[in-house]
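Note sheet for the following structure.
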Amino acid sequence: MSELVQYLITGVGGGCAFALVGSGLVAIYRVTRVVNFAQGGFAVIAALTASTLLASGLPHGLAEGLAVAVGALTGLLVGLVAIGKPGTPPGAALIVTLGLGVFAYAVEVLVWGDQPRSFPGVPGAVEVFGARFQAHYLLIIGATLAVFAGMGLLFTRTDVGRALSACASNPYAAKVVGISVTRMGLVSFAIGGALGGLAGVLVTPIQLVTFDYDVTLIVGGLVRPALTLAGGLLLGVAQALVAGYGNAAYQMEVALVLMLAVMIWQAARKPIAQEEPA
Amino acid sequence: MSEPLLNVEGVYRSFGGVFAVRGVDLTVAPGELRGVIGPNGAGKSTLFNLIGGQLTADRGTITFAGDRLDRLPAHRRAHLGIAIVFQGARIFRGMTALENVMVGAHATTRTGFLRGTLRLPPHRREEREIRQRAREALGRVGLADWADRAAEALPLGQQRALQVARALCGRPRLLLLDEPAAGLRAAEREALAQLIEELKAGGLTMIKIEHDVAFVTRLADRVTVLDLGRVIAEGTPAEIRADPAVVAAYLGTAA
């Protein structure tokens, strides 16, 4: 029992990171129709930035905050290159993000070297139902919930959020009411960068930063935020259970099998309503 | 006549070598309701999209309240006060009717992304004001009871009314209506005609494209008739109905 609880909590913690990275991907995809292959890179860059800032003596909180801001800025830069020129077809922009992802990887290795890095998170351990786990997991789960709630407010209660939703729903009509679809696309890239960055900063204390943090494929096809949260958590928990009861070496296989299941399930359902052609 | 609000001069637009609009002039005075009619393929929709910014002209100029429009992207034109109601259901699916209308206020919002995201007091005030304005606009088009419904659940007539409300929420200076009565039932048409008359009484300048001569001549101050991409007649509804060139274009007889 206590083992199961422990795996569940560590799984949810890891799943939160997938959910954050994934919802950034979804935000970008919905607004711009671009599958952003550089999404995993935002998490890596923010995590590495945080490790450098902490090593140079910045206090916790400030260092992580700045690192998330760097993630957002990176997202904005990727967006500028990928969709900055109005009328760039999503397919071309996708290739650009793929190239930028590889380029970012090279830059990361140049700047930070190729050894995994980490930094400490919330110290101490917590015991629930006899299961002991690092207190940092509570921060991950709490921060993720807060960010998802905040995103909900942003999208329904602010003009920018409504403008983003409008671009996702009907870009043609969005232009007509005065929304710059390109600018909103850039905003979505910045949001995606910040969410990816937050994921990287949150999970690094519990697992080393590695350079193949590419979960973009796993949430591919999920275009609704609530589903992304659920999908991310499911993936995290499934991986923790397999690692706990089986063998940690199978984690990638778990992700692939889940991805396949999601794709089959999606294909079996009737297609969701398509946007009107522009 | 007072200073025109909209001035279209010598506008051309071709598609693959075929001119859809060739040398059209159109001058609309403030507060005027202008009807634009013509048979299929006359260039009405092209002209409409050239003014709205969905298309750019090959040649010619479009001036709106002193600003050159013809090179501006569509979203910048909205900021100058041009609103459009399309014939098709160009609504935002996945959002409620009220949210659809609130999006229409985008061009008039002042608080930026940061203040909006942090929900600072100026933003809260503005947000309340937009919500209020959107409710008023919904009430004006008779959709007050539909505010919290999903926009795509509305029948076609109401979806078009929703577009009108969305346009009004942006406080436009010129409203472009593309065959607003097309596909509507008699009662819906009547309600729409009444709404347009009210807006006109309120001083809003409008350009209305129609295929149906009877509907446009009933409401318009002046009517412009297009055929094969050219203006073939312009005048009051009575003049237009009596014009032999118009009759010929519609009936296909030699003028």
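Chain letters run A, B, ... following the sequence lines, proteins first, then strands; residues in each count from 1.
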Pair listing, ring pair (Phe, Tyr, Trp, His ring centres under 6.0 Å) test, anchored in residues 55-85 of chain B, at least two apart: none
Under 4.5 Å heavy-atom distance to chain A, tell me which part of [X] shows up: side chain, backbone, both or neither.
| X | value |
| --- | --- |
| B:Ala83 | neither |
| B:Glu152 | neither |
| B:Arg131 | side chain |
| B:Ile130 | side chain |

Proximity breakdown for A:Met151 and chain B, heavy-atom pairs closer than 4.5 Å: neither
Minimal non-hydrogen separation, B:Phe92 against A:Asn170, with atom names: CE2-O, 3.5 Å
Shortest non-hydrogen separation from B:Met95 to A:Ala166 and the atoms involved: SD-N, 4.1 Å
Over 12 foreign heavy atoms within 6.0 Å of CZ, B:Arg185: no
Test side-chain contact (heavy atoms from CB on, under 4.5 Å) applied to B:Val103 and A:Ile179, step by step: CA-CA 9 Å; B:Val103 171; A:Ile179 296 167; 3.7 Å; yes
Evaluation steps, side-chain contact (heavy atoms from CB on, under 4.5 Å), between B:Arg76 and A:Lys175: CA-CA 8 Å; B:Arg76 295 276 304 280; A:Lys175 281 179 207 154; over 6 Å; no
Working to the nearest 0.5 Å, report the span between [atom1] of [X] and [atom2] of [Y].
| X | Y | atom1 | atom2 | value |
| --- | --- | --- | --- | --- |
| A:Asp159 | B:Thr108 | CG | OG1 | 8.0 Å |
| A:Phe155 | B:Glu99 | CZ | CD | 12.0 Å |
| B:Asn100 | A:Ser165 | CG | OG | 10.5 Å |

Contact winner vs chain B - A:Ala163, A:Gly150, A:Ala173, A:Gly161, heavy-atom pairs under 4.5 Å: A:Ala173
Ion pair B:Glu127/A:Arg162, N-O distance below 4.0 Å: yes
